[in-house]
Amino acid sequence: MSAGTGIRHSEYNPNRERQLHLYQIWISPDKTGLTPRYEQRRFDNVQGRQLVLSPDARDGSLTVFQDMTLWRWVLKDHEATEYVAEKGRYIWIQVIRGEVTVNGVKATTSDGLAIRDEINLQFNSSNDSEILLFDLPPA
């Protein structure tokens with residue numbers, strides 16, 4: 001969504017029987033004066049890595065007006081994987097569920113890790129886990 005001055009938006013839980021777990025994520029655009037727009041897609045049953053946001057909408061991702069990508073990863077129990085960041089990029093890891101270790105630092109459900117000056121990120125899951133990986137430009 002690019003709200004600007006033209007979109008009204010709010011979140012609510014339409015299900016009174018189930019608790020809502022919500023992450024509200026704000027990414028500042030890299031330019032001003034954008035036309036307000038709204039885009040939505042369900043990313044159900046992700047296996048492995050799913051690109052959610054990108055500047056060029058590649059691989060079925062939603063468009064973001066920023067030099068960044070957002071990935072949703074589902075990791076199996078005791079899975080090891082890696083991510084190679086470009087030099088100078090900032091990485092934010094948000095653990096949605098489970099437990100992962102990133103370059104020796106353990107994080108569990110709802111933990112976030114801010115990473116900079118690291119290129120090779122090594123991930124190990126302690127159980128079935130899900131993370132969001134934000135690859136961001138330098139501030």
Side-chain angles (χ1 to χ4, degrees):
M1 171 191 325
S2 293
T5 59
I7 293 178
R8 298 179 85 163
H9 176 76
S10 66
E11 293 82 21
Y12 67 95
N13 183 0
N15 190 322
R16 295 175 191 222
E17 280 76 49
R18 290 186 11 204
Q19 187 175 17
L20 176 65
H21 187 108
L22 173 76
Y23 287 96
Q24 187 173 58
I25 301 165
W26 292 76
I27 303 294
S28 297
D30 58 4
K31 55 187 155 200
T32 59
L34 296 168
T35 301
R37 68 180 182 86
Y38 186 84
E39 188 177 15
Q40 167 175 310
R41 177 171 169 223
R42 289 187 71 93
F43 292 90
D44 291 330
N45 302 320
V46 173
Q47 303 288 324
R49 299 178 185 195
Q50 170 70 56
L51 183 60
V52 176
L53 291 175
S54 70
D56 55 4
R58 69 183 176 275
D59 301 328
S61 63
L62 299 172
T63 304
V64 63
F65 293 104
Q66 183 55 265
D67 175 23
M68 62 86 61
T69 54
L70 168 60
W71 296 85
R72 178 181 173 196
W73 289 10
V74 174
L75 304 168
K76 296 183 187 323
D77 184 24
H78 292 91
E79 182 177 344
T81 189
E82 69 178 352
Y83 184 79
V84 179
E86 291 180 25
K87 186 176 182 176
R89 303 288 291 180
Y90 291 154
I91 306 296
W92 178 268
I93 307 295
Q94 185 68 50
V95 181
I96 303 302
R97 64 179 170 85
E99 182 177 281
V100 296
T101 302
V102 183
N103 288 6
V105 177
K106 187 181 290 188
T108 62
T109 301
S110 295
D111 285 347
L113 299 173
I115 301 167
R116 69 176 191 192
D117 300 327
E118 299 269 349
I119 295 174
N120 295 309
L121 303 176
Q122 301 298 315
F123 292 80
N124 294 286
S125 63
S126 299
N127 48 40
D128 289 343
S129 302
E130 182 177 351
I131 65 167
L132 296 178
L133 185 150
F134 297 78
D135 187 323
L136 304 160

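The two residues Glu118 and Ala85 come nearest to each other via the heavy atoms O-CB, 4.0 Å. Contact between His78 and Ser126 at its shortest, heavy atoms only, is CE1-O, 3.7 Å. Counting all heavy atoms, side chain and backbone alike, Pro137 lies closest to Tyr90 at O-CD1, 3.7 Å. The shortest non-hydrogen separation linking Thr69 to Pro55 is CG2-CD, 4.4 Å.
Inter-residue side-chain proximity for Asp67 and Arg89 is flagged as met; some heavy-atom pair is nearer than 4.5 Å. The closest side-chain heavy-atom distance from Arg49 to Thr81 is below 4.5 Å. At least one side-chain heavy atom of Leu70 sits under 4.5 Å from a side-chain heavy atom of Leu132. Proximity of Arg97 to Val74: side-chain heavy atoms (C-beta onward) are separated by under 4.5 Å at one or more points. For the pair Leu53 and Ser61, the minimum side-chain heavy-atom distance is 4.5 Å or more.
Donor-acceptor pairing under 3.5 Å is recorded for the side chains of Ser129 and Asn127.
Expressed to the nearest 0.5 Å, how far CG of Asn124 lies from CD of Glu99 amounts to 11.0 Å. Interatomic distance, Lys106 NZ to Thr101 OG1, rounded to the nearest 0.5 Å: 5.5 Å. Note: Glu79 CD to Asp128 CG = 9.5 Å, rounded to the nearest 0.5 Å.
In this structure, Val100 belongs to a hydrophobic cluster whose other members, linked by side-chain heavy atoms under 4.5 Å apart, are Leu51, Trp71, Trp73, Leu75, Tyr83, Ile91, Ile93, Val95, Val102, Val105, Leu113, Ile115, Leu121, Phe123, Ile131, Leu133.
For the salt bridge (Lys or Arg N to Asp or Glu O under 4.0 Å) condition, the pairs that include at least one residue of residues 56-66, sequence neighbours left out, are Asp56-Arg58. Applying the ring-ring contact (aromatic ring centres under 6.0 Å, His included) test to every pair with at least one member in residues 99-121, sequence neighbours left out, gives no pairs at all.
Between the side chain of Glu130 and the main chain of Arg72, no donor-acceptor pair closer than 3.5 Å is present.
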